[in-house]
Amino acid sequence: MNQRERFLSIAIGGLLLALGFQWAFNQYRSAVRFRQNRLNSLANETEKLQAQWLAGAEAERQLGEYKVRSLSSDAEVAKSSYQSWLLETVGRLGIADAIVDPVGEVPVGDLYTRFGFRVSGKTDLPGLVDLVYAIQARDQLHRIRELQFAPSRQGVRRTEGKGDGGELLSVVLTLDAVSMAIAEATPAPPSEEPSWRITRSLAESRDTILNRNLFHPPNQPPRYLGDERIVAFRGQRNPVDFSFSDPEDDAVSVRVEGYFPEWVEWDGDSERLIVNPPLENQEGEEVVEQFEVQVIASDNGYPRRETTLPLVVKMQSPPPPPKPETPPPGFDDATQTFLTALVQGRDDWTAWMNVRTRGKTLKLKIGDEFEIGSIRGKVTGVTARRVTLEIDGETYELRPAGKLSDVLAESADG
């Protein structure tokens with residue numbers, strides 16, 4: 001075998017070896033994939049079986065609960081006992097003309113039997129709420145299928161202290177109650193405590209249902225518009241107003257509660273807190289720097305709503321009295337008075353003083369007194385060139401076209 005044939009044999013052997021390795025690797029990978037798929041399938045089956053087991057356990061637990069809450073498995077006992085409880089309930093709640101009748105029974109396979117009952121009578125709206133609450137609160141397998149009520153023609157009101165004496169209603173209520181086949185023939189009576197499914201007490205239920213306006217949005221409480229910190233000055237009478245607004249524009253009344261010092265009083269007519277703290281405390285008296293008051297505002301909407309908030313009244317020294325304001329100087333007519341002419345008459349001269357702000361001309365002769373704006377004086381001389389004036393004991397000269405107020409300014413400058 002020459003060298004060329006040797007190389008060819010080596011290449012062929014290597015190729016066969018690679019193909020064998022590839023085949024073995026593919027077989028191994030297929031086996032691993034099959035194993036992983038099998039593990040995933042078993043895991044899914046395990047999860048499904050576990051979910052089924054949990055569902056079965058939950059169903060068993062639920063079935064056990066239904067068994068405890070069920071009526072008697074004996075049909076006659078179930079009907080008579082539940083009807084007796086309904087009669088006792090409507091009697092206890094003061095339902096007038098109450099009638100409780102069974103209205104048939106429907107077996108559902110071999111699992112349970114559904115019994116129907118109809119309750120009719122007359123009561124007011126609070127009594128109806130009490131009846132529905134009593135049924136819902138009893139921890140048994142029952143439900144209210146249908147409820148009908150309308151104003152009664154008799155118009156009688158409830159008695160026996162039940163409710164608030166509202167308008168009488170004719171009520172017809174249809175119920176379903178269930179008797180499980182696996183239940184005891186003589187089950188234990190349900191607990192007197194309300195069912196855990198009831199999230200509200202009877203008082204809360206009545207408040208929610210009765211205290212509402214069915215024809216308007218819910219009434220909103222009043223809103224406070226003032227400051228939460230109020231300042232009262234010592235030695236002064238401080239009337240404190242509490243400003244509230246109501247979203248529905250209902251009338252708002254205000255009252256206060258809390259500790260008041262003796263110099264604090266509440267004026268109920270004006271709804272003001274009158275705070276009159278002394279300027280200085282007497283010896284031995286407690287110094288009150290501030291006190292808190294509870295302000296309660298209620299509207300007259302339906303149902304009424306209240307807003308309660310604490311407010312702090314703080315004492316402070318009175319502010320200093322304001323400085324007297326200096327009135328601004330008025331307009332001075334002397335600044336707009338000019339000597340317009342010197343006129344010679346038959347015997348003497350006359351000085352014409354024009355007061356422009358008043359639209360008038362004063363004709364002054366020797367000896368005439370005048371008061372123009374801030375200047376008050378007397379004419380002591382009039383010639384063809386000037387007029388001589390005596391003002392505050394001083395002598396001044398004013399020439400034609402001169403301004404009256406300038407004679408004083410020129411004298412001060414000189």
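- Between His142 and Tyr82, the ring center distance clears the sub-6.0 Å criterion.
- Between Phe291 and Trp263, the ring-plane angle classifies as perpendicular under the 30° and 60° cut-offs.
- Across every non-hydrogen atom of Leu279 and Arg234, the tightest pair is CD1-O, 3.7 Å.
- Remark: the backbone N or O of Val275 is paired with a side-chain donor or acceptor of Asn238 at under 3.5 angstrom.
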Next on the checklist: Determine whether Glu397 and Arg385 satisfy the following criterion, salt bridge (Lys or Arg N to Asp or Glu O under 4.0 Å), listing intermediate values before the conclusion.
Outcome noted: CA-CA 10 Å; Glu397 291 184 353; Arg385 294 181 178 272; over 6 Å; no
Next on the checklist: Working note: Arg197 + Gln136, criterion side-chain hydrogen bond (donor to acceptor under 3.5 Å, both in side chains); need CA distance, chi angles, decisive distance, verdict.
Outcome noted: CA-CA 9 Å; Arg197 295 169 179 80; Gln136 299 284 29; over 6 Å; no
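- A cation-pi arrangement is absent between Arg223 and Phe244 under the rule of less than 6.0 angstrom and at most 45 degrees off the ring axis.
- Put simply, the side chain of Ser72 gets close to the backbone of Ala185: a donor and an acceptor are under 3.5 Å apart.
- Across all their heavy atoms, Leu311 and Ile230 have their closest contact at CD1-CD1, 4.2 Å.
- Although no hydrogens or angles enter the test, the distance criterion places no donor-acceptor pair under 3.5 Å between the side chain of Gln336 and the main chain of Val355.
- The two residues Ala137 and Ile198 have their closest heavy-atom pair at CA-CG1, 3.7 Å.
- Counting heavy atoms of neighbouring residues, nucleotides and ligands inside a 6.0 Å radius, atom CZ of Arg145 exceeds 12 of them.
- Between Phe117 and Phe115, the ring-plane angle classifies as tilted under the 30° and 60° cut-offs.
- Closest approach of Lys365 to Asp368, counting heavy atoms only: N-OD2, 2.7 Å.
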Next on the checklist: Please evaluate residues Lys378 and Glu369 with respect to the criterion salt bridge (Lys or Arg N to Asp or Glu O under 4.0 Å), reporting the C-alpha separation (whole Å), side-chain torsions for both, the decisive distance (0.1 Å), and the verdict.
Outcome noted: CA-CA 4 Å; Lys378 179 179 179 181; Glu369 295 183 352; 5.2 Å; no
Checklist entry - Given Ser270 and Asp267, is the side-chain hydrogen bond (donor to acceptor under 3.5 Å, both in side chains) satisfied, shown in steps? => result CA-CA 6 Å; Ser270 63; Asp267 187 350; 3.0 Å; yes
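- Under a 3.5 Å cut-off, the side chain of Glu271 and the backbone N or O of Val254 do form a donor-acceptor pair.
- When every heavy atom of Glu105 is checked against every heavy atom of Thr113, the shortest pair comes out as CB-CG2, 4.1 Å.
- Distance alone, capped at 3.5 Å, places no donor-acceptor pair between the Glu184 side chain and the Ser73 backbone.
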Checklist entry - Stepwise, does the salt bridge (Lys or Arg N to Asp or Glu O under 4.0 Å) test hold for Asp176 with Arg143? => result CA-CA 5 Å; Asp176 289 330; Arg143 67 172 183 175; 3.2 Å; yes
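- Side-chain atoms of Asn44 come within 3.5 Å of backbone atoms of Asn40 as a donor-acceptor pair (strictly under, hydrogens ignored).
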Item to check | Verdict with reasoning, Arg206 to Asp130, per salt bridge (Lys or Arg N to Asp or Glu O under 4.0 Å) | outcome: CA-CA 8 Å; Arg206 293 185 63 168; Asp130 293 352; 3.5 Å; yes
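- Shown here are the side-chain hydrogen bond (donor to acceptor under 3.5 Å, both in side chains) partners of Arg399, two or more places apart in sequence or in another chain: there are none.
- Gln62 meets the side-chain contact (heavy atoms from CB on, under 4.5 Å) test with Glu58, Glu65, Tyr66; sequence neighbours excluded.
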Item to check | Worked check of side-chain hydrogen bond (donor to acceptor under 3.5 Å, both in side chains) between Ser374 and Asp332 | outcome: CA-CA 6 Å; Ser374 61; Asp332 193 353; 2.4 Å; yes
Checklist entry - Run the side-chain hydrogen bond (donor to acceptor under 3.5 Å, both in side chains) check on Gln148 and Glu146 step by step: do they pass? => result CA-CA 7 Å; Gln148 298 178 354; Glu146 185 177 1; 2.6 Å; yes
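- In plain terms, the two heavy atoms of Arg376 and Ile391 that are nearest each other are O-CG2, 3.7 Å.
- The backbone N or O of Ala183 sits nowhere less than 3.5 Å from a side-chain atom of Ser70 that would complete a donor-acceptor pair.
- Counting heavy atoms of neighbouring residues, nucleotides and ligands inside a 6.0 Å radius, atom CH2 of Trp266 exceeds 12 of them.
- No donor-acceptor pair closer than 3.5 Å links the side chain of Thr388 to the backbone N or O of Thr380.
- One finds a salt bridge joining Asp97 and Lys122 here, because a Lys/Arg side-chain nitrogen approaches an Asp/Glu carboxylate oxygen to under 4.0 Å.
- For the atom pair Leu71 CG and Ser179 OG, the distance stands at 6.0 Å (nearest 0.5 Å).
- Panel note: side chain Asp299, backbone Arg305; a donor-acceptor pair is recorded below 3.5 Å.
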